Each structure stands twice: as structure tokens, then as C-alpha cells.
Amino acid sequence: QVQLVESGGGLVQAGGSLSLSCAVSGLAFDSYVMGWFRQAPGKVREFVAAISGSGGRQISADSVKGRFTASRDNAKNTVYLQMNSLKSEDTAVYYCNAFRVGRNYWGQGTQVTVSS
């Protein structure tokens with residue numbers, strides 16, 4: 001059974017930092033691209049960042065570039081999202097995603113609220 005469990009969400013002031021984690025089990029972790037997505041109230045889910053299976057390549061959305069960084073520890077089957085210089089518009093539920101061709105899995109999400 002595949003499980004993706006996010007943690008680390010919470011309430012933070014604008015300008016602050018937060019680190020999210022996603023612990024993964026039930027799949028060959030290093031063969032999956034791991035991504036982070038978010039969904040704000042009344043909006044569609046949007047891409048935030050992703051990292052390749054080896055961790056050698058990382059991409060992020062323009063809206064978070066220079067502020068958010070995805071990383072992974074394949075020995076721990078865990079992916080991280082370091083969020084710095086947080087803004088009120090970063091408030092959303094953040095979801096972890098595991099993807100490879102023919103497979104796509106989601107976590108249950110963790111709430112991040114940035115107060116201005």
C-alpha cells in the first residue's frame with residue numbers, strides 16, 4: 001500500500017520560514033519524481049516544485065522561485081520543501097506527489113497559513 005504523509009504545516013508570520021516533509025512508503029522511492037503542489041480556497045491545485053529521482057534536478061514555479069526549495073533523502077524515503085520569505089498568498093493546503101509514467105500518488109495535504 002502506497003502512503004505519502006505530509007507534516008510540518010502550520011501558522012507563520014509573513015517573512016518567516018517553514019519546512020514541510022513528506023514520508024513515503026510502499027513504492028520504489030528513488031524511481032519517482034517527487035513534487036509539491038498547493039491549493040488555496042476557491043482556487044485550482046497548482047504546481048509548486050519538483051525534484052528528480054536522484055535529487056540532481058529541481059524545478060519550481062515562478063511564484064516561489066528563489067524562496068522555496070525541494071530536496072529529498074532517498075535513504076529515508078522522504079521529500080522536503082523548504083519555504084522562506086513566506087507571503088500571505090502562499091497560504092494553502094500543500095500536497096506531496098509521487099509520479100512516474102503510469103503511476104501518480106498524492107498525500108492528504110498539510111495546511112500552511114501565512115499571516116500578514
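Treat the numbers as computed from the prediction; the structure is a model and nothing was measured.
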Backbone N or O of [Y] within a donor-acceptor pair of the [X] side chain at under 3.5 Å?
| X | Y | answer |
| --- | --- | --- |
| T110 | Y94 | no |
| Q39 | A92 | no |
| N97 | Y105 | yes |
| S52 | R57 | yes |
| R72 | G55 | no |
| N74 | F29 | no |

| field | Where at least one partner belongs to residues 39-49, residue pairs that pass salt bridge (charged side-chain N to carboxylate O under 4.0 Å, His left out), sequence neighbours excluded | value | R38-E46
Least distance between heavy atoms, [X] atom then [Y] atom:
| X | Y | value |
| --- | --- | --- |
| S21 | T78 | CB-CG2, 4.3 Å |
| L4 | C22 | CB-SG, 3.9 Å |
| L81 | A49 | CD1-CB, 4.2 Å |
| W36 | A70 | CD1-CB, 4.3 Å |
| S17 | Q82 | CB-NE2, 4.0 Å |
| G8 | L18 | O-CG, 3.6 Å |

| Charged N to carboxylate O below 4.0 Å: is that the case for K87 and D90? | no
| Inter-residue atom distance I51.CD1 - S60.OG, 0.5 Å rounding | 11.0 Å
Within the 4.5 Å heavy-atom criterion, are [X] and [Y] side-chain neighbours or not?
| X | Y | value |
| --- | --- | --- |
| E6 | L20 | no |
| V114 | V112 | yes |
| M34 | C96 | yes |

| Pairs flagged by ring-ring contact (aromatic ring centres under 6.0 Å, His included) wherever residues 43-87 is involved - sequence neighbours left out | F37-F47
| query | Looking only at side chains, do T113 and Q111 share a donor and an acceptor under 3.5 Å apart? | reply | yes
| field | Within one Ile-Leu-Val-Met-Phe-Trp-Tyr cluster: V79 and V2, side-chain cutoff 4.5 Å | value | yes
| query | Given the rule that I, L, V, M, F, W and Y join up when any side-chain heavy atoms are under 4.5 Å apart, are Y95 and I59 in one cluster? | reply | yes
| Pairs involving residues 22-33, ordered by first then second residue, that meet side-chain hydrogen bond (donor to acceptor under 3.5 Å, both in side chains) (sequence neighbours left out) | S31-R100
| said: So for atom NZ, which belongs to K76, do other residues, nucleotides or ligands contribute more than 12 heavy atoms lying within a distance under 6.0 Å? | reply: no
